[in-house]
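These notes are about the structure you will find just below.
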Amino acid sequence: TAQQSELIKNSIKSIPDYPKPGILFRDVTSLLEAPVAYATSIEMLANRFRDTGVTKVVGTEARGFLFGAPVALALGVDFVPVRKPGKLPRPTISESYELEYGTDSLEIHTDAINAGDKVLVIDDLLATGGTIEATVKLIRRLGGDVTDAAFIINLFDLGGEQRLNNLGINCYSLVN
Ligand code: PRP
Ligand code: HPA
């Protein structure tokens with residue numbers, strides 16, 4: 001409901017000039033410190049994707065874990081972590097993505113997604129969409145079917161939603 005979205009929005013602190021002058025940083029750690037609002041955010045995401053046939057939830061290190069894992073538990077499906085390089089113990093595949101300066105990469109366990117899995121991607125925040133584009137590519141390389149990504153916050157002026165729509169991904173966000 002709009003009231004639930006408002007509760008979540010009001011629990012997210014905005015920090016001026018972090019990490020650099022001129023940036024207004026939306027701080028999701030303040031939502032974690034508001035248990036009713038945090039639980040509401042998990043409930044809203046789980047309700048949206050219950051009975052949609054999702055078989056796995058993928059969350060991206062680190063903040064994606066804080067929302068993806070509870071939603072997977074609420075839906076009764078697997079949680080699959082996408083991690084920064086060198087952190088996953090079984091065989092992996094990797095995708096690089098652009099950062100403001102240079103590139104980084106993300107990895108997933110090769111055996112964590114099977115052909116035919118219907119995968120929901122969850123992260124705390126959508127900015128440029130680079131992180132989730134790399135995550136979607138990893139899932140698709142393993143044969144997973146991914147059409148939806150969900151976020152607590154969409155920084156809509158950074159163009160991430162359009163970028164993901166161009167890849168065939170619908171975006172669902174609790175707060176804009
Ligand atoms: C942040 C955030 C998203 C991503 C959004 O993660 O949690 O994953 O950036 O930006 P984008 O849409 O422009 O890709 P960060 O890379 O800072 O890592 P962290 O979760 O480990 O803090
Ligand atoms: N908050 C958190 N993470 C971010 C932001 C923000 O405002 N912008 C880009 N990544």
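Only a predicted model underlies this, so the values are computations on that prediction, with no experimental measurement involved. Order of appearance sets the numbers: ligands from 1, and atoms from 1 within every ligand.
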More than 12 heavy atoms of other groups within 6.0 Å of D51 CG: no

To the nearest 0.5 angstrom, please state how far the CG atom of L125 sits from the CG atom of N154. 8.0 Å

Near Y18 OH, under 6.0 Å, is it more than 12 heavy atoms from other residues, nucleotides or ligands? no

CD-CG distance between E133 and N166, expressed to the nearest 0.5 angstrom: 9.0 Å

State the CG-OG1 distance between L167 and T147, to the nearest 0.5 angstrom. 12.5 Å

Tell me the residues surrounding ligand 1, counting only those with a heavy atom closer than 4.0 angstrom, sorted by chain and number. E61, A62, R63, K84, D123, D124, L125, A127, T128, G129, G130, T131

Looking at every non-hydrogen atom in both residues, tell me the closest pair between P19 and F25 and how far apart they are. CD-CD1, 4.2 Å

Using the side chain to side chain donor-acceptor pair (under 3.5 Å) definition, which of the options T29, D123, D124 pairs with R63? D124

If every non-hydrogen atom of C171 is compared with every non-hydrogen atom of L126, which pair is closest and at what distance? SG-CD2, 4.2 Å

is_close_aromatic(F151, F67), centroid dist under 6.0 Å: no

Protein neighbours of ligand 2 with a heavy atom under 4.0 Å, given by chain and number, are L24, F25, R26, R63, L125, A127, L155

